[in-house]
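Order of listing sets the numbers, starting from 1, for every ligand and every atom in it. Start at 1 with the first residue, then count along the sequence.
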Amino acid sequence: MQTKILERMESDVRTYSRSFPTVFTKAQGARLHTEDGKSYIDFLAGAGTLNYGHNNPKIKQALVDYISSDGIVHGLDMWSEAKRDYLETLEEVIFKPRNLNYKVHLPGPTGTNAVEAAIRLARVATGRHHIVSFTNGFHGVTMGSLATTGNRKFREATGGIPTQGASFVPFDGYMGDHVDTLDYFEKLLGDNSGGLDRPAGVIIETVQGEGGINVAGLDWLKRLEQICRDHEILLIVDDIQAGCGRTGKFFSFEHAGITPDIITNSKSLSGYGLPFAHVLMRPELDKWKPGQYNGTFRGFALAFTTAAAAMREFWSNDVLERDVQRKGRIVEDRFQKIAAWLNEKGLSEKGHSASERGRGLMRGLDVGSGDVADKITAQAFKNGLIIETCGSDGQVIKCLCPLTISDEDLVEGLDILEASAKEALS
Ligand SMILES: *Cc1c(COP(=O)(O)O)cnc(C)c1O
């Protein structure tokens with residue numbers, strides 16, 4: 001395996017190749033293959049970018065057909081057949097059955113591009129500047145998004161330039177099970193001396209992905225929506241990781257029955273791992289002037305094509321939704337079993353019992369410390385499973401397997417994880 005040029009030329013900023021130091025060549029479904037002939041089960045799936053697996057055959061066919069027909073690949077934000085088909089599919093397959101009505105902003109193709117555009121829109125639409133975010137939130141690392149991202153590691157990488165325009169309030173559960181953190185937020189909003197500038201918007205992940213699979217309660221989310229309505233604050237749901245079916249619904253907020261003013265999607269939106277993002281906004285909020293927010297790669301035609309194919313394939317009925325719930329329970333049961341084993345052996349961090357949490361197939365096994373989690377995931381890699389950690393200390397082992405994973409691969413992956421925990425810690 002030749003890795004010298006990779007180690008020598010790529011910046012030290014690289015991350016995942018440190019956890020998984022091998023050279024990948026091919027991938028199909030939930031399986032990754034390497035140059036030296038090894039096969040891995042993928043429970044990382046591009047941090048939730050490959051919800052429909054690697055090289056999904058139906059989506060691939062749509063892409064190959066489009067390329068073979070000389071379909072337009074780049075045209076700035078000019079109209080294309082691919083864009084029209086994408087918008088039609090989004091409206092027919094996703095919006096209409098859910099009784100939703102949004103306009104679509106196509107910013108640059110990454111998640112942070114969408115978040116930047118969403119918070120800018122909230123400012124333009126309200127004439128206010130302040131954005132409220134939540135502890136452990138992750139919304140991207142460009143300056144505007146970073147201001148709403150909690151993790152110190154990313155915040156310290158600005159070279160000392162302070163981020164601006166946002167402040168944090170505690171996420172659901174941050175103060176323990178018996179405190180409703182929205183009491184604090186609501187009190188601040190109603191207090192002339194609370195020190196909080198009246199926000200333009202609140203940005204939230206309904207299940208925090210990078211922040212540790214922290215799950216906002218459904219009633220808590222409903223109350224957050226109500227507080228936003230009462231105070232005329234825009235509710236922005238960042239569904240970049242939790243969306244596109246990860247929690248068992250196309251939009252993660254559907255479980256709570258809330259209707260955000262602004263939504264961001266990226267990661268699995270193209271359905272194929274192609275870079276793609278959009279911002280959805282209530283039509284009245286579309287205060288943009290033509291060309292006021294631009295970019296060269298606004299709407300990637302190949303991604304329009306794969307995204308539309310993915311929506312037609314997976315969201316025209318509820319087969320995938322039900323499958324995600326079923327598989328989610330399989331992961332939940334096994335994570336509970338591993339947590340119980342860790343607790344019985346007293347192996348999770350002192351004073352912290354291991355536990356599992358999640359919604360749908362977005363699940364975490366909290367082992368109390370990054371050290372313990374790293375030992376388990378490193379052993380898992382040796383045994384043929386790619387799985388990552390998240391949370392403020394990297395203490396949560398995170399399952400983001402493709403939603404379309406076969407039951408055999410799912411169970412084999414969980415077997416590997418359980419055996420690896422035992423091998424690494426006994
Ligand atoms: C990954 C992620 C982002 C940032 O997306 P990038 O494509 O990495 O810029 C923003 N919000 C959430 C919730 C994410 O998971």
Report yes if some heavy atom in the side chain of H33 is under 4.5 Å from a heavy atom in the side chain of F24; otherwise report no.
no
Give a yes or no on whether atom 11 (N) of ligand 1 lies under 4.0 Å from any heavy atom of the protein.
yes
Would one find more than 12 heavy atoms of other residues, nucleotides or ligands at under 6.0 Å from atom CG of N99?
no
Using non-hydrogen atoms of the residue, decide whether E210 is closer than 4.0 angstrom to ligand 1.
no
Derivation of the side chain to side chain contact (heavy atoms under 4.5 Å, CB included) call for L121 and H105
CA-CA 10 Å; L121 175 71; H105 178 177; 5.9 Å; no
Identify, by atom number and element, the atoms of ligand 1 in contact range of [X], meaning under 4.0 Å from any of its heavy atoms.
X: G140; answer: 4 (C), 10 (C)
X: E205; answer: 13 (C)
X: H139; answer: 10 (C), 11 (N)
X: T112; answer: 4 (C), 5 (O), 6 (P), 9 (O)

Are any of the N or O atoms of [X] closer than 3.5 Å to those of ligand 1?
X: G111; result: yes
X: V115; result: no
X: D238; result: yes

Between I236 and V202, is the side chain to side chain contact (heavy atoms under 4.5 Å, CB included) condition met? List the steps.
CA-CA 6 Å; I236 307 168; V202 163; over 6 Å; no
Check for me whether the distance between the ring centres of F314 and F250 falls short of 6.0 Å.
no
Give a yes or no on whether the ring-centroid distance for F168 and Y174 is below 6.0 angstrom.
no
Please state which part of K267 comes within less than 4.0 Å of ligand 1, counting heavy atoms only: side chain, backbone, both or neither.
side chain
What pairs with Y52 under side-chain hydrogen bond (donor to acceptor under 3.5 Å, both in side chains), at least two apart in sequence or on another chain?
W315
